[in-house]
Amino acid sequence: MRHVLPAADEAAVHDITERATAPGVWLKAFVPPETLEPWLAPGWHLAGGPGHLMCAPLPVAPTRAPGPIPAGYRLNTWTRDGVTRALVRAADGVFAARGQIAVTGHTAVVDQVETAPAHQRRGLGHLVMHSLTAAAAEQGATAGVLGATPEGRALYERTGWRVLAPLTSALRGPDPTDT
């Protein structure tokens, strides 16, 4: 289960985190980590590091246009059940980059954008973002939103997105970093 609180306050966070006792429940709020952490009930911990809620008008006007698909890579895109996916593979078929976008009326939500470490700094993330947002605009979306990591924020800003708010996640259950 995942709770997303567009207007988080201490009382709402206490209520949710005290009632949710099963492991694996997520809570996401548009507040900084130092605000959310003291509101959490025992058994909850911050997860995923600090993040950012970002938005862009679609089609996105990137600060620089994407180049052609880099030599030695293949880009495939497809849409199923309202979700468009982009997948980039190297010539040997190995995973290089991916992402997905879902259109919900006039808004599209970008998710799971990732570039494999061995394939970073080649424009693949930019290529994936351009492909996804162009597909969403073709489906009628006029605005896009996404949750970004600090590392992803730089890519998204270069592709025309802007930060709206901090985004912090918490998880019910054992902290996997505790050993």
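No experiment lies behind these values; they were computed from the predicted model shown. Just so you know, residue 1 is the first one in the sequence shown, and it goes up from there.
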For residues 88-95, dump all side-chain donor-acceptor pairs below 3.5 Å to protein atoms at least two apart in sequence or in another chain.
unit_1, atom_1, unit_2, atom_2, d
Arg89, NH1, Gly93, O, 2.9
Asp92, OD1, Val94, N, 3.1

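- Distance CG/Leu75 to CD1/Ile69: 4.5 Å, rounded to 0.5 Å.
- Residues that satisfy the salt bridge (Lys or Arg N to Asp or Glu O under 4.0 Å) test with Asp9, not counting sequence neighbours, are absent from this structure.
- Taking the salt bridge (Lys or Arg N to Asp or Glu O under 4.0 Å) definition, one finds that Arg172 meets it with nothing, sequence neighbours left out.
- A ring-ring contact (aromatic ring centres under 6.0 Å, His included) check over residues 99-122, counting only residues at least two apart or in different chains, returns the pairs Tyr73-His119.
- Taking the side chain as every heavy atom from C-beta outward, Lys28 and Leu167 approach each other to under 4.5 Å.
- Residues satisfying the ring-ring contact (aromatic ring centres under 6.0 Å, His included) test with Phe30, not counting sequence neighbours, are none.
- For Thr149, the side-chain contact (heavy atoms from CB on, under 4.5 Å) test picks out Glu151, with sequence neighbours left out.
- In this structure His52 satisfies the side-chain hydrogen bond (donor to acceptor under 3.5 Å, both in side chains) test with no other residue, sequence neighbours excluded.
- The line from OH of Tyr156 to CG of Leu146 is 5.5 Å long, rounded to the nearest 0.5 Å.
- With side-chain heavy atoms closer than 4.5 Å counting as contact, directly or through intermediates, the hydrophobic cluster containing Val145 also holds Val109.
- Using a 4.5 Å heavy-atom threshold, the side chains of Arg98 and Gln112 count as touching.
- Distance check: Arg162 CZ to Leu53 CG gives 10.0 Å after rounding to the nearest 0.5 Å.
- For Glu18, there are no side-chain hydrogen bond (donor to acceptor under 3.5 Å, both in side chains) partners, not counting sequence neighbours.
- Both Ile16 and Trp39 belong to a common hydrophobic cluster when Ile, Leu, Val, Met, Phe, Trp and Tyr are linked at side-chain heavy-atom distances under 4.5 angstrom.
- A distance of 9.5 Å separates CG in Leu46 from CD in Glu34, rounded to the nearest 0.5 Å.
- Ala108 and Ala141 make their closest contact through CB-CB, 3.9 Å (heavy atoms, listed as atom of the first residue, atom of the second, distance).
- Heavy-atom minimum distance, Gln100 versus Leu132: N-CD1, 3.5 Å.
- Of all the heavy atoms in Met54 and Ala148, the pair that sits closest is SD-CB, 3.6 Å.
- The structure places CG of Leu5 at 11.5 Å from OG1 of Thr168, a figure rounded to the nearest 0.5 Å.
- Grouping the Ile, Leu, Val, Met, Phe, Trp and Tyr side chains by contacts below 4.5 angstrom, directly or via other members, places Met1 with Val13.
- Judged as a side-chain hydrogen bond (donor to acceptor under 3.5 Å, both in side chains), and not counting sequence neighbours, His3 has no contacts.
- Criterion: ILVMFWY side-chain heavy atoms under 4.5 Å apart, direct or through other members. Under it, Leu27 and Val4 are not part of a common hydrophobic cluster.
- With Thr84 as reference, Thr79 is the one residue of Thr133, Thr79, Thr77 to meet the side-chain hydrogen bond (donor to acceptor under 3.5 Å, both in side chains) rule.
- With sequence neighbours excluded, no residue forms a salt bridge (Lys or Arg N to Asp or Glu O under 4.0 Å) with Glu37.
- In terms of hydrophobic clustering, with Ile, Leu, Val, Met, Phe, Trp and Tyr side chains grouped at heavy-atom distances under 4.5 Å, Val31 and Val25 are assigned to a common cluster.
- The two residues Pro50 and Pro150 come nearest to each other via the heavy atoms O-CD, 3.0 Å.
- Between the side chain of His14 and the main chain of Ala41, no donor-acceptor pair closer than 3.5 Å is present.
- Nearest heavy-atom pair across Leu36 and Ala170 is CD2-CB, 4.2 Å.
- Arg122 places none of its side-chain heavy atoms less than 4.5 Å from the side chain of Leu127.
- A distance of 9.0 Å separates CD in Gln120 from CD in Glu114, rounded to the nearest 0.5 Å.
- Considering every non-hydrogen atom in both Trp26 and Ser169, the closest pair reads CZ3-CB, 3.8 Å.
- For Arg19, the salt bridge (Lys or Arg N to Asp or Glu O under 4.0 Å) partners at least two apart in sequence or on another chain are Asp15.
- The backbone N or O of Leu155 lies less than 3.5 Å from no partner atom in the side chain of His126, so there is not a single donor-acceptor pair.
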